[in-house]
Number of protein chains: 2
Amino acid sequence: MREYYSITELTREFDISTRTLRFYEDEGLIQPVRRGRTRLFRPSDRHLVRQILRGKRLGFSINEIREIIQMYREPPGEVGQLKLLIRRITEKKDDLRQKRRDLEETLAELDQAEESCVERLVELGVNT
Amino acid sequence: MREYYSITELTREFDISTRTLRFYEDEGLIQPVRRGRTRLFRPSDRHLVRQILRGKRLGFSINEIREIIQMYREPPGEVGQLKLLIRRITEKKDDLRQKRRDLEETLAELDQAEESCVERLVELGVNT
DNA sequence: GCTTGAATTGACTTTTACGTAAACGCCGTG
DNA sequence: CACGGCGTTTACGTAAAAGTCAATTCAAGC
């Protein structure tokens, strides 16, 4: 496991810009350490970036991603906070399950559309 | 099956604003018919709205949603166009499958986070 | 010591997806 | 007929998520 990654290494690995990484830092999503002024990204930062991009692909906003990331952190010590966190996690899970339903439905409709196309091709006598 | 829905009926049903529906019309996603100047939404428009909102929940942009919607239409008559459409559909499906992987991973991590919370509660001697 | 290339910061710009406000049309009711 | 309610258009505004540009800084290599 590498100790540090440079900002350009991560931009290449994830195909994002330096501006994006700095933006995520400004937003408090990642906190790379500094050597002088240059940012050093640890494996944990790298993993966070991975999670952020995953969240983005799923259509979550930066704020929602921030919330999700906080859920992965060490659970709090106080009972009330713990219960609150569990409620939040449950909500996010429900959210994701809704997305999963949406996804399956969309996939099914696309399958149908594809099949119509193939049928149409067969009608036209095209060797598939 | 109702013949027409008014704009406010749809805003209530889908919990969106009239502005949003007009915006979708401006963007060419729906084409409600008119009686005078008032819009009349047919069941097909209503179904499109449903698909649009599903797409939004999955994080697709308006442009992407427009593309997807066009895929549901009658397949074109020309072979080249048909093959192109099939390629596009395949791409979207790949896209959705990526989202599904993202979704499952995020769900798994949330499950883990939840479990940590529950464990912590047990440590604190809380009766779950 | 000078150049070169990678990083940094800060300011300004852009795109998307609507929100909001103004100003008006149409129609049924008391 | 005045009104309230629903609908319309036009125009401007805005928040989020970066992109872009300019001015600097810094370290490395020759």
Side-chain angles (χ1 to χ4, degrees), chain A residues 2-42 45-46 48-70 92 95 99 102, chain B residues 2-42 45-46 48-70 92 95 99 102:
Chain A
R2 300 256 319 259
E3 190 160 10
Y4 293 124
Y5 303 86
S6 79
I7 195 167
T8 32
E9 278 178 320
L10 291 192
T11 63
R12 288 196 189 118
E13 175 172 1
F14 295 113
D15 194 28
I16 52 179
S17 69
T18 60
R19 180 73 183 85
T20 301
L21 283 169
R22 291 189 200 108
F23 175 70
Y24 292 157
E25 185 181 0
D26 284 348
E27 290 294 314
L29 299 181
I30 48 179
Q31 282 123 304
V33 295
R34 300 283 181 128
R35 180 171 49 206
R37 301 199 312 167
T38 43
R39 293 164 175 82
L40 299 177
F41 294 80
R42 292 155 299 185
D45 295 309
R46 182 159 163 275
L48 272 177
V49 172
R50 194 185 296 284
Q51 289 176 329
I52 294 168
L53 296 179
R54 225 167 51 198
K56 280 207 52 182
R57 283 195 297 271
L58 290 174
F60 288 114
S61 72
I62 294 296
N63 279 329
E64 288 173 314
I65 290 172
R66 202 200 324 277
E67 287 176 26
I68 294 174
I69 282 178
Q70 279 161 6
K92 275 296 164 207
D95 191 349
K99 275 188 207 291
D102 290 330
Chain B
R2 300 257 319 260
E3 189 162 10
Y4 293 125
Y5 303 86
S6 79
I7 194 166
T8 33
E9 279 178 319
L10 292 192
T11 64
R12 288 196 189 117
E13 174 172 2
F14 294 114
D15 194 28
I16 53 179
S17 69
T18 60
R19 178 73 182 85
T20 301
L21 283 169
R22 293 190 196 109
F23 174 71
Y24 292 157
E25 185 181 359
D26 284 347
E27 290 293 316
L29 299 181
I30 49 180
Q31 282 122 303
V33 295
R34 300 284 181 128
R35 179 171 50 208
R37 298 201 315 167
T38 35
R39 293 163 174 82
L40 299 177
F41 294 81
R42 293 155 297 185
D45 295 310
R46 182 160 163 274
L48 272 176
V49 172
R50 195 185 296 286
Q51 289 175 328
I52 294 168
L53 297 179
R54 223 167 51 197
K56 279 208 52 184
R57 283 195 297 272
L58 290 174
F60 287 115
S61 72
I62 295 295
N63 279 328
E64 287 173 314
I65 291 172
R66 200 199 327 276
E67 287 176 26
I68 295 174
I69 282 178
Q70 280 160 6
K92 274 296 165 207
D95 192 348
K99 277 189 206 289
D102 289 330

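Here is the naming used below: chain letters follow the sequence lines, and residue numbers restart at 1 for every chain. Note that this is a predicted model, so its numbers are computed, not measured.
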Undergrad: Can you name the side-chain contact (heavy atoms from CB on, under 4.5 Å) partners of B:R37, sequence neighbours left out?
TA: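 Residues passing side-chain contact (heavy atoms from CB on, under 4.5 Å) with B:R37: none at all.
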Undergrad: Can you name the salt bridge (Lys or Arg N to Asp or Glu O under 4.0 Å) partners of A:R57, sequence neighbours left out?
TA: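 Counting only residues at least two positions away or on another chain, A:R57 forms a salt bridge (Lys or Arg N to Asp or Glu O under 4.0 Å) with B:D102.
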Undergrad: Using a 4.0 Å cut-off to any heavy atom of chain A, which nucleotides of DNA chain C are the first and last in contact, reading 5' to 3'?
TA: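 From 5' to 3', the first and last contacting nucleotides are C:dA7 to C:dA11.
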Undergrad: I need the CG-C1' distance between B:L10 and D:dC6, as an integer number of Å.
TA: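 Value for this atom pair: 14 Å.
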Undergrad: Listing request: all side-chain hydrogen bond (donor to acceptor under 3.5 Å, both in side chains) pairs with a residue in residues 27-36 of chain A, at least two apart in sequence or in separate chains.
TA: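 Qualifying pairs, neighbours excluded: A:E25-A:R34, A:E27-A:R66.
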Undergrad: For B:R54, enumerate each residue passing the salt bridge (Lys or Arg N to Asp or Glu O under 4.0 Å) test, keeping only those at least two apart in sequence or located in another chain.
TA: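 Counting only residues at least two positions away or on another chain, B:R54 forms a salt bridge (Lys or Arg N to Asp or Glu O under 4.0 Å) with A:E105, A:E109.
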Undergrad: Could you pull out all residues at least two apart from A:E9 that satisfy side-chain hydrogen bond (donor to acceptor under 3.5 Å, both in side chains)?
TA: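 A:E9: side-chain hydrogen bond (donor to acceptor under 3.5 Å, both in side chains) contacts with A:R2.
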Undergrad: With a cut-off of less than 4.0 Å, is there a side-chain N or O of A:S17 near OP1 or OP2 of D:dG19?
TA: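 Yes, because at least one side-chain N or O of A:S17 sits under 4.0 Å from OP1 or OP2 of D:dG19.
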Undergrad: Expected output is a numbered-order residue list: members of residues 57-68 of chain A with a heavy atom under 4.0 Å from any atom of DNA chain D. What is it?
TA: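 Residues of residues 57-68 of chain A that come under 4.0 Å of DNA chain D are, in numerical order, A:S61, A:I62.
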Undergrad: Sequence neighbours left out, what passes side-chain hydrogen bond (donor to acceptor under 3.5 Å, both in side chains) with B:R46? Give chain and number order.
TA: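 With neighbours one apart ignored, the set is B:E13.
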Undergrad: I need the minimum non-hydrogen distance between B:F41 and B:S6, along with the two atoms involved.
TA: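 Heavy atoms only, the tightest pair is CD1-C, 4.2 Å.
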Undergrad: Using a cut-off of strictly less than 4.0 Å between a heavy atom of the residue and any atom of DNA chain C, enumerate the qualifying residues of residues 18-39 of chain B by number.
TA: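 B:R19, B:T20, B:F23, B:Y24, B:R37 - these, ordered by number, are the residues of the stretch whose heavy atoms sit under 4.0 Å from the strand.
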Undergrad: If the condition is side-chain hydrogen bond (donor to acceptor under 3.5 Å, both in side chains), which residues does A:T38 pass it with, not counting sequence neighbours?
TA: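 side-chain hydrogen bond (donor to acceptor under 3.5 Å, both in side chains) list for A:T38, sorted by chain: empty.
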Undergrad: The criterion is side-chain hydrogen bond (donor to acceptor under 3.5 Å, both in side chains); which residues satisfy it with B:T11, sequence neighbours excluded?
TA: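 Residues passing side-chain hydrogen bond (donor to acceptor under 3.5 Å, both in side chains) with B:T11: none at all.
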Undergrad: Among residues at least two apart in sequence or on other chains, which ones pass side-chain contact (heavy atoms from CB on, under 4.5 Å) with A:K92?
TA: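 Result, side-chain contact (heavy atoms from CB on, under 4.5 Å) vs A:K92: A:F60, A:E64, A:E67, A:I68, A:M71, A:D95, B:L110.
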